[in-house]
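Because only heavy atoms are used, hydrogens play no part in the values below, and waters and symmetry mates are left out as well, while side chains stay in. Below, chain A is the first sequence line, B the second, and so on; all start at residue 1.
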Amino acid sequence: MLADNYPILVIVIPLIAAVIAFLAGLLKKELAWYVTALACLSSFLMAMSMLLSVLGGETISYRLGGWEPPWGIEYVVDYLSALVLAIVTFIALAVTLYAKRSVEHEIVPGKHAPFYALYLLMVAGLLGMTITGDVFNLFVFIEIASISGYALVAMGRSRDALISSFNYLILGTVAATFILIGIGYIYMVTGTLNMADLRIRLPELYDTRAVRTAFAFLTVGLSLKLALFPLHIWLPGAYTHAPSAVSSLLAATATKVGAYVLLRFMFTVFTVDFDLEIVPVTRIFIALSSAAIILGSVLAISQTNLKRMLAYSSVGQIGYIVLGAALVNELGLTGSIIHIFNHALMKGALFMVAGAVVLRTGSEKISDLRGIGRKMPFTMAAFTVGALSMIGVPLTVGFVSKWYLALGALEAGMWFLVPVILVSSLLTAVYFWRIVEAIYFRPYEAAAARPGHAFDGAGRPVSEAPFTMVVPMAVLAALCIVFGVAAHLPVSVAGKAASLLLGS
Amino acid sequence: MIELILGKYNYWICIALMMVGFYAMIAKENLIKKVIGMNIFQTAVFLFYVSGAKVNGGTAPILTEGAKLYDNPLPHTLMLTGIVVGVSTTAVALALIIRIYKAFGTIEEDEILKMREKDG
């Protein structure tokens with residue numbers, strides 16, 4: 001049966017398509033894009049089919065090569081991994097559609113085939129991180145996603161992209177090696193690499209120094225990978241200088257999957273008791289994520305570059321995801337998981353808008369956005385919806401996640417976190433509203449009026465972004481509202497995933 | 001105390017190598033030296049795995065006549081993958097350094113930072 005093999009096919013298809021895209025791209029440049037789109041579409045359909053069967057109450061366990069789980073590698077699709085798989089494949093598909101024109105504009109023609117090959121490798125790595133139930137396999141997929149990520153960032157237009165990519169590589173390798181050390185420690189004391197098996201075998205070893213050391217290495221390594229403040233320093237450079245399509249994919253999925261892996265380690269491999277009593281990691285995470293939420297927004301306010309501002313805003317949003325996890329109750333964790341989903345939609349849309357602006361105006365400066373609302377109405381409408389959602393206006397997805405996080409904070413008796421969420425929403429409103437205001441209420445200035453700006457390169461008047469770019473960002477922006485109104489759909493899945501993680 | 005130092009000398013070597021590599025990654029200005037540090041850092045972890053797999057009196061995990069006790073083969077295979085990952089990371093890093101050298105004319109981090117400040 002083909003459907004039985006979906007858990008492996010969802011990864012293998014992009015993996016093999018990466019090679020095919022590269023070879024096909026050598027024959028004819030356009031073919032690489034078609035292969036990518038086809039691979040992402042089939043992965044998305046398979047992920048949706050798995051999500052539906054998981055919602056039917058079934059946890060899928062796939063045995064690679066037919067080996068029994070504690071010995072062989074097991075792929076597990078439960079509520080949480082099915083949801084994250086659906087997010088990653090959906091965003092990957094949307095970004096692929098968007099990438100066609102964006103890549104033609106930003107990447108030199110000879111590099112299109114390698115670009116799409118790396119793109120598919122990264123998607124395969126992210127999907128593998130999500131689905132695997134084996135900790136060493138997880139490390140390998142982390143590195144597949146990261147290494148292709150470094151190369152993709154380096155394909156950015158400016159020479160600063162190279163330096164950003166190198167910094168990302170050094171810090172990413174430190175993170176991955178820390179994760180590897182952590183896995184080594186828990187393997188040495190338990191003799192198993194399977195997550196479900198580790199969960200059974202670890203509790204009697206919780207008092208040993210090896211297990212605590214392992215946990216320390218794993219949490220620091222993963223915090224670096226998901227860019228939790230103050231380990232976020234690689235993120236702004238990488239997001240700013242990467243090609244626009246890559247920024248969208250990275251911002252919408254890469255750090256989210258990192259957060260997912262952190263949840264897996266905190267709640268599936270180690271248990272709630274360990275997080276709360278043996279090593280009070282939750283208290284540390286509450287302090288760090290609160291700092292991330294406030295400082296991410298403050299740093300975003302001071303930026304003049306649109307993509308860099310969105311990158312710092314991501315630092316704050318990652319704080320929300322970790323905060324929800326650190327509350328260790330069902331409402332907070334639901335907020336955390338729902339924010340993985342919601343932030344992928346809004347940040348994906350916002351970075352796509354940034355890419356469309358770069359395509360049409362050639363500038364990433366916020367000051368160049370004045371009056372552009374009349375020139376690019378659809379793009380800027382998508383931006384406005386994304387911005388409202390980031391602020392957390394009711395009827396958008398941003399409100400739903402903040403609502404659950406606030407409820408979770410109250411239930412945990414940490415009322416002081418509610419003002420943190422409110423203040424950061426106000427700060428978010430500050431840095432998004434000044435852009436929305438500039439877009440709609442300032443007069444448009446022609447390029448010639450602005451010396452020193454190579455506006456549009458050829459001096460053509462700024463017009464709406466191409467159809468293939470507007471559609472994906474409009475879809476993401478529309479979903480920000482759809483799932484903000486019909487919030488019960490994702491929330492029910494996230495709620496089930498949260499109770500599963502808490503082991504109730 | 002002596003037991004702790006001599007009895008577990010393999011782990012001490014791993015820790016020392018790890019610190020050497022980590023120091024080079026953070027403190028060296030030359031990008032090539034950073035990559036060398038990264039390699040030492042990763043190799044220390046490989047050694048950590050492999051020395052953890054050693055069984056006292058065990059032989060290499062290959063079927064041979066007369067051998068009763070084998071070392072744990074799994075960490076060796078895991079590290080085979082780990083080494084492949086390390087090689088790929090190094091390859092990407094070196095390729096990036098070539099591009100950086102072409103774009104900036106130097107591979108000293110402080111000089112590159114100065115250039116970027118000048119660009120604004």
query: Quick one: what part of Asn167(A) sits under 4.5 Å from any heavy atom of chain B, side chain, backbone, both or neither?
result: side chain
message: So which residue, Leu180(A), Val140(A), Ile147(A), ends up with the most heavy-atom pairs under 4.5 Å with chain B?
response: Leu180(A)
- prompt: Can you name the side-chain hydrogen bond (donor to acceptor under 3.5 Å, both in side chains) partners of Tyr185(A), sequence neighbours left out?
  reply: none
- prompt: Of all heavy-atom pairs between Phe41(B) and Val174(A), which one has the smallest distance, and what is that distance?
  reply: CE2-CA, 4.1 Å
query: Who pairs with Val12(A) by side chain to side chain contact (heavy atoms under 4.5 Å, CB included), at least two apart in sequence or on another chain?
result: Ile8(A), Ile16(A)
field: Engaged part of Leu193(A) at the chain B interface, taking heavy atoms whose separation is under 4.5 Å
entry: side chain
- line: Output for pair (Ile163(A) CD1, Arg116(B) CZ), nearest 0.5 Å, gives 6.0 Å
message: Below 30° counts as parallel, above 60° as perpendicular, anything between as tilted: where do the rings of Phe178(A) and Phe22(B) land?
response: tilted
task: Report the residues that fulfil side chain to side chain contact (heavy atoms under 4.5 Å, CB included) with Ala44(B), sequence neighbours left out, ordered by chain and then residue number.
output: Leu17(B), Met18(B)
message: Counting only non-hydrogen atoms closer than 4.5 Å, does Phe166(A) touch chain B with its backbone (N, CA, C, O), its side chain (CB onward), both, or neither?
response: both
query: Say you draw a straight line from OH of Tyr187(A) to CG of Leu78(B); how long is it, rounded to the nearest 0.5 Å?
result: 6.5 Å
task: Answer whether the closest heavy-atom distance between the side chains of Thr177(A) and Met38(B) falls below 4.5 Å.
output: no
- prompt: Sub-3.5 Å donor-acceptor pair from the side chain of Tyr150(A) to the main-chain atoms of Val92(B), do we have one?
  reply: no
- request: Determine the minimum heavy-atom distance between Met188(A) and Phe48(B), stating which atoms define it.
  value: CE-O, 3.2 Å
Toward chain A: residues of residues 97-107 of chain B with heavy atoms under 4.5 Å: Ile97(B), Arg99(B), Ile100(B), Ala103(B), Phe104(B)
